[in-house]
Visitor: 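Could you have a look at this structure, given as structure tokens, before my questions?
Note that ligands are numbered from 1 as they come in the structure, with each ligand's atoms numbered from 1 the same way.
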Amino acid sequence: MNNIVVSIIIVVVLLAGAGFAIYKIAPQTPSAAPSGAAAVSRALIGFSLGTSHEERWQKDADLFTARAKELGADVQVLYSGEDGNLQISQAENLIIQGAKVLVVVPYDAVASKAIVDRAHAAGVKVIAYDRMILNSDVDLFLTFDSRKLGELQAAEVVKHVSKGAFAYIGGSPTDNNASLLKEGSMKVLAPLIKSGAITLPVSSFSTNWNPEEAYKSIKGYLATGKKLDAVVAANDGTAGGVIRALIEAGLSNVPVSGQDADLAACQRIVQGLQTMTIYKPLNDLATRAAEEAVLIAQGKPAQTNGTMNNGKIEVASYFLDPIVVTKDNMDAIIITGGFHTHDEVYGKK
Ligand code: BGC
């Protein structure tokens with residue numbers, strides 16, 4: 001043993017004497033202050049979500065965190081549970097902690113402008129994640145085109161029923177997507193209303209996207225003894241409330257739309273209780289958001305494929321494609337795609 005050590009020392013001394021440089025390798029400590037690319041790779045990114053009710057948001061946060069970590073960033077995820085003021089103070093907290101970029105799913109499209117203002121005052125960039133921050137200088141918007149989505153929802157319902165009494169059950173008035181979805185759906189429904197083919201006796205928004213509100217809207221209308229022929233519901237949560245009210249009134253064959261490919265909605269679709277949902281590939285959205293956040297933290301330009309006006313500026317945006325899911329392509333899109341398993345959707349055999 002001692003002989004080996006002595007031999008190594010002799011070799012090292014000889015090599016040094018022969019002009020070889022001997023480098024000292026410093027121990028790697030995570031707290032060592034890195035520089036250049038290494039410093040950026042450890043940037044803190046804050047992910048602030050103004051809601052966690054729907055099944056999707058936890059997936060968004062997990063996928064985002066995994067990709068950002070892979071890229072060497074640290075992520076702190078904070079949920080404010082439908083409390084706009086709490087979301088603003090959580091964002092302030094993330095700024096104080098040194099976040100380089102905030103990725104925000106705003107609870108309140110209007111009030112969350114304060115997050116952008118405070119972040120910018122501290123030199124922090126802000127990405128709006130799947131919900132726009134209105135009248136602000138937000139740096140980037142990543143989303144599925146909600147107008148297009150609303151159009152797809154109504155078009156799929158109209159394929160099944162194109163006359164009679166329709167209901168429109170929208171999302172939360174505090175979420176800009178709710179307006180965009182309705183705008184998109186009305187592109188399909190308005191001409192039918194105009195031609196007299198359909199009427200729209202129910203048209204409401206649902207505070208906080210609450211399924212209970214959707215239930216009450218439909219329940220209340222049906223309690224008057226009138227019937228409905230179709231319902232365009234803005235997401236799967238509200239669709240769940242709508243379908244409960246329809247079933248209670250013995251109307252389980254009325255076409256109903258949704259969005260998010262929530263497990264409960266996929267189950268209802270294969271059972272014939274819901275007509276369609278929209279699968280939004282969350283992995284693509286979350287992964288891209290993480291990649292953009294890291295680029296932005298490095299001071300590099302974001303990659304975009306469009307813009308969206310938010311009332312103040314044309315926001316640099318990246319739009320992803322939503323996919324309509326019905327009974328017919330459930331297996332190909334949802335099961336083969338790995339979003340839910342066969343047993344989850346159809347129940348164990
Ligand atoms: C999202 C939907 C979601 C809804 C409720 C919307 O902004 O686009 O996917 O269902 O919020 O959280």
Visitor: Look only at the side chain of Asp108 and the backbone of Gly84, and say whether a donor-acceptor pair between them is shorter than 3.5 Å.
Guide: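 No, because the side chain of Asp108 does not come within donor-acceptor range (under 3.5 Å) of the backbone of Gly84.
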
Visitor: Which ligand 1 atoms does Arg131 reach within 4.0 Å, using its non-hydrogen atoms?
Guide: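 Near Arg131, meaning under 4.0 Å from one of its heavy atoms, ligand 1 has 4 (C), 5 (C), 6 (C), 7 (O), 11 (O), 12 (O).
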
Visitor: Within the 3.5 Å criterion, strictly below it, is a donor on Glu314 or Asn309 matched to an acceptor on the partner's side chain?
Guide: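 Judged by distance alone, the side chains do pair up.
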
Visitor: Is Arg56 salt-bridged to Asp130, going by a charged N under 4.0 Å from an acidic O?
Guide: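 Between Asp130 and Arg56 there is a salt bridge, with a charged N closer than 4.0 Å to a carboxylate O.
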
Visitor: Using a strict 4.0 Å cut-off to heavy atoms of Gln259, name the atoms of ligand 1 that fall inside it.
Guide: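 Answer, ordered by atom number: 2 (C), 8 (O), 9 (O).
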
Visitor: Could you list which atoms of ligand 1 come closer than 4.0 Å to a heavy atom of Asp175?
Guide: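 Per the distance check, 6 (C), 7 (O), 11 (O).
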
Visitor: Do Phe47 and Tyr129 have ring centres separated by under 6.0 Å?
Guide: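 Ring centres of Tyr129 and Phe47 closer than 6.0 Å.
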
Visitor: For atom 12 (O) of ligand 1, what is the nearest protein heavy atom, given as residue, atom name and distance?
Guide: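 Ranking protein heavy atoms by distance from atom 12 (O) of ligand 1, first comes Glu54 OE1, 2.6 Å.
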
Visitor: Nearest protein heavy-atom contact for atom 8 (O) of ligand 1: which residue, which atom, what distance?
Guide: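 Looking only at protein heavy atoms, the one closest to atom 8 (O) of ligand 1 is Lys280 NZ, 2.9 Å.
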
Visitor: Would you mind checking which non-hydrogen protein atom is closest to atom 3 (C) of ligand 1, with the distance to 0.1 Å?
Guide: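 Going by distance alone, atom 3 (C) of ligand 1 is nearest to Asp260 OD2, 3.5 Å.
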
Visitor: Return the residue, atom name and 0.1 Å-rounded distance of the protein heavy atom closest to atom 4 (C) of ligand 1.
Guide: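 For atom 4 (C) of ligand 1, the nearest protein heavy atom comes out as Trp209 CE2, 3.5 Å.
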
Visitor: Any nitrogen or oxygen of Asn177 lying under 3.5 Å from a nitrogen or oxygen in ligand 1? Just yes or no.
Guide: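 Yes, there is a polar N/O contact under 3.5 Å.
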
Visitor: List the steps, then state whether ring pair (Phe, Tyr, Trp, His ring centres under 6.0 Å) holds for Phe144 with Phe319.
Guide: CA-CA 5 Å; Phe144 298 90; Phe319 297 97; 10.0 Å; no

Visitor: Any non-hydrogen atom of Phe144 lying under 4.0 Å from ligand 1?
Guide: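 The answer is no, since Phe144 has no heavy atom less than 4.0 Å from ligand 1.
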
Visitor: Taking Phe141 as the fixed residue, which of Asn310, Thr307, Val315, Val126 is the one that meets the side chain to side chain contact (heavy atoms under 4.5 Å, CB included) rule?
Guide: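 Per the side chain to side chain contact (heavy atoms under 4.5 Å, CB included) rule, the option paired with Phe141 is Val315, out of Asn310, Thr307, Val315, Val126.
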
Visitor: Would you mind running through ligand 1 and noting each atom that sits below 4.0 Å from a heavy atom of Arg56?
Guide: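 Answer, ordered by atom number: 1 (C), 2 (C), 8 (O), 9 (O).
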
Visitor: Within 45 degrees of the ring normal and closer than 6.0 Å to the centroid, is that where the cationic atom of Lys216 sits relative to Tyr221?
Guide: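 Judged by the rule, Lys216 and Tyr221 form no cation-pi pair.
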
